[in-house]
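Right, one structure below, let's go through it.
Counting starts at 1 for both ligands and their atoms, following the listed order. Everything quoted here is computed from the prediction, not taken from an experiment. Just so it is clear, the values below take in all heavy atoms, side chains as well, and ignore hydrogens, waters and symmetry mates.
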Amino acid sequence: MKPLHSTLPAWRALAAHAEALRGAHLRDLVGADDRRFAHSSVEFAGWLLDLSRQRITRETLALLAELARAVDLPAKVAAMFRGDPINATEGRAVLHTALRSNFAGNATIQHEVQAARAALERFVAAVRAGEQRGATGRPFRQVVNVGIGGSDLGPLLVCDALRHEWSGGLTPHFVSNVDRTQLDDLARTLDPAETLVIVCSKTFTTQETQANAQAARAWLTGALGPSAAGEHFVAVSTNAAAMDAFGIRADRRFTMWDWVGGRYSVWSAVGLIAELVIGSERFGEFLRGASEIDAHFLDTPSERNLPVLMGLIGVWNRSFLGLPTLAVLPYEQRLARLPAYLQQLEMESNGKSVTLEGVPVDYPTAPVVWGEPGSNAQHSFFQMLHQGWPSAALDFIAPLSGSWGTTDAQDLALQNCFAQLQAFAFGMTGAEAEAQMRAGGLDAREAARLGPHRTYEGNRPSSLLLYPRTTARTLGQLLALYEHVTFVQGAVWGINSFDQYGVELGKKLAGAIAIEGGRAPGGPGAEGIAALIDYVVRHR
Ligand code: F6P
């Protein structure tokens, strides 16, 4: 049995170092190094990663790099790109990188990926050119993606983030939640004759997606006749039998592989809705952006490797400084759905409590990931971040120019972003607050009374990622970057980042419950669920 990573000398050295730094304030850490920015920022392909406001010293970075070596990170990265079955609990390779990088996997896999891409490009071109039409002969104008989790969050983020790159006249819509609200809303506004539905589900068994797909089929065939389903439905899945049962035409199926995890699948046919909306050329740029990060991750020494540095800093903040959450704060409205996307990526990947060998860990793993775009967030929960109990590490992300290429409004966004970086790091002491109030004309007593309320402790650690502009290429870079950050953290924590057994129990129990008919699962608490079902039936 492999010992826990917390028993490694490199881990212990970091724990001792964290203890030694416990009382240090960012004012001291930054003040102690007049070349702090140069020592703790890295550039790659137009990206800047600024770690100068993390609660680290140069020694911290050296110790973290030592920990990465001690857990064999480079060998683990190589094993992933080679296609070794590193998802040991499911006996699978992890090769989402092969969907965008011709140096990942092997020749057979690359061949399959190329063939799948060619089929997607043909279909996308035919729909966008109006050659593939609906049952009444009208071209498609609306595309509805029915899927959930990784079969929803990635394509939704890409469509949202690249709205300024939409072309071809297709509008994307997303239906994920089991309560069917999204579909009911769409059915009231969309014209079925010009609507294409993508049933996107790796397994093609997910309850939410199956229920919504059936409802979508009922809506479309109700309006256009029973034979319309053949023209209006396509599917993305690995499950041929289930697609047969649903009645998806053989020429309307796009394949997936078991070596692509749902939350890593936006690069595959799961991204079809986005490819339809932005076109295959732009989608190709999205893939190329990700590939640039893959190459950087594979080949760059850890001290200049963006995902390695960000991953290690995440481990430092979570496992050594004890910060339970990560707030993701894009100063770019286009990335409004990024926090939701990263919630699945990081929390479904690394929200685990046992090692690959099944041994309980004695250190915290994935933080709670959350966030909102700045500057909206400033007018909401930033109060708590500034003056509440310190509980979050902060990832600021900002483009240099707005998505339409303008800079004036983005200057305002950057001005706010930089001000927040400063305020979170250095805060304002009670004495400074009082002095400011006195200078503004307040008497000494009133200034002393208000002082504690107007004090900012600071010392809230943050990273900043700057990049040129939100485009297909930079979005591909950003998402691949966070994928590899997640990989680095999983490797350091010694857990399997690629299964998700934690979601299974609830699915199984849901299958044992029926509101109509009053069926409750057995086991502990059965009486409570039966009482709830009874309450629903009596009060509806
Ligand atoms: O329930 C979790 C999950 O399995 C995710 O990992 C996945 O992205 C999602 O459900 C959807 O799965 P599928 O694509 O098979 O419908």
Side-chain angles (χ1 to χ4, degrees), residues 86-96 99 116 120 144-159 174-180 182-183 197-217 233-246 248 253-274 337-352 366 369 479 482-483 486-487 490 495-513:
I86 60 170
N87 175 359
T89 53
E90 297 180 317
R92 291 177 180 169
V94 173
L95 271 175
H96 49 278
L99 299 166
L120 282 162
V144 179
N145 187 82
V146 178
I148 196 164
S151 297
D152 169 66
L153 292 163
L156 171 57
L157 170 60
V158 176
C159 288
F174 291 85
V175 171
S176 54
N177 202 320
V178 76
D179 70 11
R180 212 191 298 153
Q182 292 152 303
L183 185 69
V197 177
I198 303 171
V199 184
C200 192
S201 177
K202 181 178 166 184
T203 57
F204 223 79
T205 57
T206 304
Q207 185 204 45
E208 293 88 339
T209 302
Q210 287 303 306
N212 280 320
Q214 303 281 358
R217 187 172 54 189
F233 276 82
V234 301
V236 177
S237 183
T238 53
N239 187 344
M243 287 190 280
D244 287 343
F246 190 88
I248 301 285
R253 300 175 182 192
F254 298 97
T255 196
M256 279 270 285
W257 301 271
D258 66 5
W259 39 261
V260 183
R263 52 194 175 274
Y264 298 88
S265 65
V266 66
W267 324 99
S268 71
V270 166
L272 175 58
I273 186 167
R337 296 298 291 167
L338 181 68
Y341 176 83
L342 293 181
Q343 277 173 340
Q344 189 199 15
L345 178 64
E346 298 201 22
M347 293 163 79
E348 199 173 58
S349 295
N350 288 338
K352 316 277 163 73
V369 178
L479 301 193
Y482 272 100
E483 281 181 353
T486 303
F487 182 88
I495 57 183
N496 182 3
S497 303
F498 300 102
D499 62 14
Q500 56 283 319
Y501 290 111
V503 302
E504 294 305 325
L505 177 60
K507 287 186 194 173
K508 215 171 171 171
L509 289 172
I513 295 175

### Query
Who are the ring-ring contact (aromatic ring centres under 6.0 Å, His included) partners of Y341, not counting sequence neighbours?
none
## Note on the structure
Residue set satisfying ring-ring contact (aromatic ring centres under 6.0 Å, His included) with Y264, at least two apart, ordered chain then number -> H96, F498
### Task
List in chain and number order the residues that pass salt bridge (Lys or Arg N to Asp or Glu O under 4.0 Å) with R217, two or more places apart in sequence or in another chain; answer none if no residue qualifies.
none
### Query
S176 pairs by side-chain contact (heavy atoms from CB on, under 4.5 Å) with which of T206, L153, D152?
D152
#### Entry: R253 atom CZ, neighbour heavy-atom count above 12 within 6.0 Å
yes
### Task
For ligand 1, would you mind listing the residues that have at least one heavy atom less than 4.0 Å away, ordered by chain and number?
I148, G149, G150, S151, S201, K202, T203, T206, G262, Q344, E348, Q500, V503, K507
### Task
Mind listing the closest non-hydrogen atom pair of R92 and D258 along with its distance?
CD-O, 3.2 Å
